[in-house]
Structure formats: C-alpha cells, structure tokens
Student: 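Sharing a structure here in structure tokens format.
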Amino acid sequence: MISPAPKLAPTNRKSFFDSPWCGFVWLGISLLVCLLFAWSVSPLYVNEGGDSALFKIIGQGILNGKLPYRDLFDHKGPVIFYLNACGLGLAGGKVGLLVLNALVLTATLCLVYRISRLFSSAKKSFWITLLSLLYWAIFSEGGNLTEGYALPAVALSLYLVLRLCQNPQKTFAGYFIGICCAWMFLLRMNDAVMLPGGLFAGFFLYDLLQKRYRQILMATLWFLAGAATLILPFVLYFAAQNALMEFWYGNFTFNYLYSKQNSHAFINYGNLVVCLFLVVSCILAVGKKKENRWLYFVFVPVAVLSFFLLGKRLYSHYFLVFLPFFSLCISLVRNKYYLVTIFCATLGGFGGSVNYYLRYFRRDCKTAEVYAQAGHLFDKIPESEKNDIWCYNVIPSLGIFPHYSLVPCNRIFYFRHLKYDNLAETESIRSHRPNWVLVDKKSSYWENFDYIERNYERVGQTDSTVCQLELYQLRGMEP
C-alpha cells in the first residue's frame with residue numbers, strides 16, 4: 001500500500017504575498033496582460049477573434065432576446081455564451097469583456113499561487129505565478145475562449161484534491177470539485193472529464209488503496225451534489241423554454257459527432273505531447289522521495305484521459321487548461337534543476353510571447369481593412385433591417401458582426417457546423433426569406449448559392465485579400 005500523503009507546507013506565515021491585498025496586485029497585472037495579449041477583447045486591437053467572435057455573436061443575441069442552440073447555434077456549453085452576454089452588457093464593445101477576462105485571470109493567479117504555496121515559500125510562489133503568465137500569453141490565443149474561463153475551475157480542483165489527499169476527512173471539498181467539473185462541463189465537455197473528473201478519479205483510486213471507503217463514499221456524494229447544483233438550473237431553464245432537446249444536441253450530441261470526426265488517429269502529436277508533459281512533470285515532482293509518490297494519483301489519471309479525449313485536431317489554446325500543472329511542476333523541482341527549469345521556461349516563454357504579439361499585430365492590420373470595407377456594405381442597409389441579415393459561409397470575417405453589434409438572423413451562420421447538423425439548416429433561407437444575405441465568395445461550401453443568385457441581387461462587395469464578401473438584397477425591394 002502506498003504511504004499516506006505528508007502534511008503540506010503551511011501557508012499562514014506573515015507575508016504580503018499571502019495577504020488578501022495581494023489580490024489587487026494580481027488584478028492590476030491581469031488587466032495589463034489582457035490589454036496586451038487578449039487581443040480579441042482588448043481595445044488596442046481591431047480583431048474580434050475566431051471562436052471568440054462566435055461567442056460574442058451569441059452573447060449579443062442573448063441580449064437581443066435570442067436563445068442559444070435554438071436561435072443561434074454553436075457546440076460549446078451555455079456558460080460561455082452567457083459570460084459573453086454579461087461582458088457585453090457590462091460595457092459596450094470590448095471593455096466589459098476585457099474586465100471579465102481580467103477578473104477570471106486574477107482568480108486563476110490567486111489559486112495558482114496557493115497551489116505553489118503548498119510546496120514553496122511565499123517569494124518563490126510569487127515568481128512561479130508570474131512565470132505562469134507567460135504560459136497564459138502563449139496559449140490563450142487572444143482570450144475569451146472556453147479554456148481561459150475554465151482555468152479557475154482547474155486550479156481550484158487541483159488545489160482541493162491536493163488538500164483532500166493530505167486530509168481525506170474533509171470530504172465536503174468534493175462538493176466544490178463537483179461544481180468545478182459541472183462548470184467545465186457547461187463550457188466544454190471534454191475538458192471536464194479530463195481535468196476535474198480526472199483529478200477526482202485520482203483521489204478515488206488513492207483512497208481506495210488506503211482503504212478509506214467511507215471517505216470515498218462521502219466525497220463522491222458531495223461531488224455529485226456539487227455537479228447537480230450547477231447543471232440542474234440550466235436543464236430546468238432550457239426545459240422551461242421548450243428547448244431542452246436543442247440544449248442536449250448542442251452541448252452533448254454534436255460534441256460527440258465533432259470529437260468523433262476529429263479523432264481518426266489513435267495516436268497523434270497533440271495528445272501525445274500533452275500526455276508526456278504531464279507524465280514528465282509527475283516524474284520531476286516525485287523525484288527520489290517515496291513520500292511524494294502519492295502525486296502520481298494527481299497527474300496520471302489526467303494524463304491518461306487527456307490522451308484519449310483531446311482528439312486529432314489540437315489547437316494551441318487546448319494546452320491552456322494545463323497551466324496549473326505547469327506551475328505545480330516548477331514548484332516541486334528542487335536545487336539546480338529548479339534554476340535550469342525557471343531559466344528555460346522564462347526564456348522560451350518570453351520569446352513565445354513576443355512572437356505572439358508581433359504575429360497578431362500584423363494580422364490586426366489586415367483585419368482592420370476587412371472590417372472597414374464591411375462597414376461600407378452595412379451602410380447600404382437601413383437601421384431597422386440590420387438584424388435581418390442571413391449570414392452564409394462568412395468565416396475569416398466572422399468578427400464583423402460583433403464589431404458592428406449585429407446578430408445574424410439564421411440559426412447556423414458558421415458553415416462548418418453544417419457538416420454535422422441534421423436539422424436541414426440549409427433550407428432556412430427559403431422559409432425565412434431575409435431581406436439581406438451576406439456571403440464569403442472565397443469559401444467552397446456553396447449548397448445554397450444558386451438559390452441566392454435567383455432570388456437576390458448583389459448590391460456590393462469587398463476586395464480584401466483575406467476574404468471576398470458580397471452583400472445581396474432580396475429582389476423587388478426599394479433600393
């Protein structure tokens with residue numbers, strides 16, 4: 001039987017970094033970092049982002065009385081849409097979302113500091129937390145993504161599992177781990193299973209070997225109660241709106257189809273890298289000390305689940321959710337290995353962050369051109385009809401809608417969803433007959449284009465190198 005986890009380092013020593021006032025320091029730092037690197041919500045940039053723009057469109061739709069999944073479709077959980085609605089409702093444009101992202105990052109940094117503080121001094125933990133900002137800058141991909149909003153839940157789950165392994169009598173912690181799991185489940189299904197779910201599974205196996213059956217039962221019941229506390233209100237809300245099946249399809253069924261489509265290869269570069277990262281982190285953390293071997297139960301279940309659930313298409317922001325594990329690993333490395341790790345991570349993180357900034361600054365210049373030309377197209381549309389636009393196949397310029405506070409009138413306005421959706425969305429233009437249609441001519445998915453050309457008249461287009469937007473007006477309308 002594996003030896004019990006030792007007592008963790010006390011965190012009650014007098015230090016400014018341990019005081020609540022340090023939270024304001026993290027808030028100031030978070031605002032600055034989001035202003036520079038969270039380009040999809042920063043007023044310094046024009047670009048509204050890709051996935052971020054999608055969430056903003058649905059968030060703006062919620063403020064206009066529309067319901068996610070039923071009226072505007074995307075396959076992420078409802079939390080991301082309502083967070084965007086809150087940010088947009090708090091302040092117009094990007095300011096409200098910038099503040100929201102900064103608050104989420106602040107909560108993450110405070111929790112990362114507490115995790116590091118379990119094993120390190122206050123000063124060392126402070127610098128490790130600062131270093132984690134470089135990791136965030138590299139993998140956040142403009143901010144306002146599900147992984148960024150999931151970070152506080154990942155960090156809190158990790159902190160609670162570490163404390164729970166050290167003191168298994170405090171089974172009530174399972175309630176908050178369940179809330180974290182539900183939060184991530186309502187953001188992105190795969191992340192919830194990998195991280196809070198994987199961490200709780202590690203605690204379950206660890207206590208099973210310790211023969212702590214009562215603690216396992218109580219923690220599991222608390223876990224289920226916590227998950228139900230957050231999930232049930234959303235289920236009841238969508239049921240009251242007669243949209244429970246749409247909620248189920250968008251949040252669960254579609255995600256299964258999407259993951260299946262992107263998981264042809266059993267082994268691929270992306271999930272193998274993540275798995276190796278977590279396993280190597282665990283080996284470095286355990287070292288030669290037998291009393292640290294309990295940490296295998298923290299890292300290994302998450303590594304195994306990550307290997308199976310990440311899928312074939314791995315974007316950079318998928319790595320963001322592993323930030324707390326990165327910080328924990330550095331907290332546990334000792335002596336010269338710690339110094340080498342800090343130096344390499346800082347050097348690589350600084351170089352990656354600078355490259356990130358320059359890359360998106362160049363892209364922002366091209367985006368500004370697209371948005372400006374799109375603005376000239378929208379000038380042709382009367383104010384009373386600017387929410388009667390059927391958006392067809394607009395991909396690179398998706399951000400024009402949140403940029404001009406417009407909401408498409410069609411449920412599926414992002415063409416990639418059509419490959420998985422079985423609800424005959426391509427027929428909606430025939431039944432709705434909107435006054436205006438906006439298409440991106442450079443894309444290759446043209447199932448409805450013949451119908452558009454027969455019934456609509458082109459009234460304007462852009463000539464950007466990024467995309468070729470064309471605006472069509474229903475025939476027979478006043479010019």
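Values below: every heavy atom of this structure, side chains too, minus hydrogens, waters and symmetry copies.
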Student: Should Gln473 and Trp436 be marked as a side chain to side chain donor-acceptor pair (under 3.5 Å) after you check the CA-CA gap, both sets of side-chain angles, and the distance that decides it?
Tutor: CA-CA 5 Å; Gln473 184 181 28; Trp436 303 88; over 6 Å; no

Student: Please work out whether the ring planes of Phe223 and Phe200 are parallel, tilted or perpendicular, with thresholds of 30° and 60°.
Tutor: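 Judged by the thresholds at 30° and 60°, the geometry between Phe223 and Phe200 is parallel.
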
Student: With rounding to the nearest 0.5 Å, note down the distance linking OG1 in Thr108 to CG in Leu156.
Tutor: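 One gets 10.5 Å once the value is rounded to the nearest 0.5 Å.
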
Student: Can you label the angle between the Phe247 ring and the Tyr69 ring as parallel, tilted or perpendicular, going by 30° and 60°?
Tutor: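 Correct class here is perpendicular.
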
Student: Between Phe55 and Tyr149, is the ring pair (Phe, Tyr, Trp, His ring centres under 6.0 Å) condition met? List the steps.
Tutor: CA-CA 12 Å; Phe55 306 148; Tyr149 290 114; 8.4 Å; no

Student: Could you tell me the separation between the CD1 atom of Ile29 and the SG atom of Cys34, rounded to the nearest 0.5 Å?
Tutor: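 It comes to 12.0 Å.
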
Student: I would like to know whether Asp51 and Glu141 meet side-chain contact (heavy atoms from CB on, under 4.5 Å); could you show each step before the answer?
Tutor: CA-CA 10 Å; Asp51 286 355; Glu141 287 200 302; over 6 Å; no

Student: Can you give me the closest heavy-atom contact between Cys409 and Asn387, atom names plus distance?
Tutor: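 Of all heavy-atom pairs spanning Cys409 and Asn387, the closest is CB-O, 3.6 Å.
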
Student: Minimum heavy-atom separation for Leu88 to Gln60, with atom names?
Tutor: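 Nearest heavy atoms, Leu88 then Gln60: CD1-N, 3.7 Å.
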
Student: Which heavy atom of Pro43 sits nearest a heavy atom of Leu98, and at what distance?
Tutor: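 In this case the closest contact between Pro43 and Leu98 is CD-CD2, 3.9 Å.
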
Student: Residues two or more places apart in sequence or in another chain: which of them pass ring-ring contact (aromatic ring centres under 6.0 Å, His included) with Tyr213?
Tutor: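 Listed in chain order: nothing, the list is empty.
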
Student: Identify the two heavy atoms, one from Tyr456 and one from Arg433, that lie closest to each other, and give their separation to 0.1 Å.
Tutor: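 Here Tyr456 and Arg433 meet closest at OH-C, 3.7 Å.
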
Student: Which heavy atom of Arg70 sits nearest a heavy atom of Gln241, and at what distance?
Tutor: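 What the structure gives for the nearest pair is NH1-O, 3.2 Å.
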
Student: Could you check Phe401, Trp390, Tyr472 and say which one makes a side-chain contact (heavy atoms from CB on, under 4.5 Å) with Leu438?
Tutor: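 Looking at Phe401, Trp390, Tyr472, the match for Leu438 under the side-chain contact (heavy atoms from CB on, under 4.5 Å) is Phe401.
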
Student: Locate the shortest heavy-atom distance separating Thr171 from Gln215; write the atom from each residue and the value.
Tutor: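 Result for this residue pair: CG2-O, 3.6 Å.
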
Student: With side-chain contact (heavy atoms from CB on, under 4.5 Å) as the test, would you mind laying out the steps for Trp39 and Leu44 before giving the verdict?
Tutor: CA-CA 7 Å; Trp39 50 270; Leu44 297 180; over 6 Å; no

Student: Looking at CZ of Phe172 and CH2 of Trp222, how far apart are the two atoms once the value is rounded to the nearest 0.5 Å?
Tutor: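 It is 5.0 Å, given to the nearest 0.5 Å.
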
Student: Between Leu72 and Arg411, is the side-chain contact (heavy atoms from CB on, under 4.5 Å) condition met? List the steps.
Tutor: CA-CA 4 Å; Leu72 295 169; Arg411 175 174 175 266; over 6 Å; no

Student: Side-chain donor-acceptor pair under 3.5 Å between Ser30 and Thr106, yes or no?
Tutor: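 Yes, Thr106 and Ser30 have a side-chain donor paired with an acceptor closer than 3.5 Å.
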
Student: Compute the ring centroids of Phe139 and Tyr135, then answer whether they are less than 6.0 Å apart.
Tutor: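 Yes, the ring centres sit under 6.0 Å apart.
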
Student: Does the ring center of Tyr318 lie less than 6.0 Å from the ring center of Phe322?
Tutor: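 Judged by ring-centre distance (under 6.0 Å), Tyr318 and Phe322 do not meet the cut-off.
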
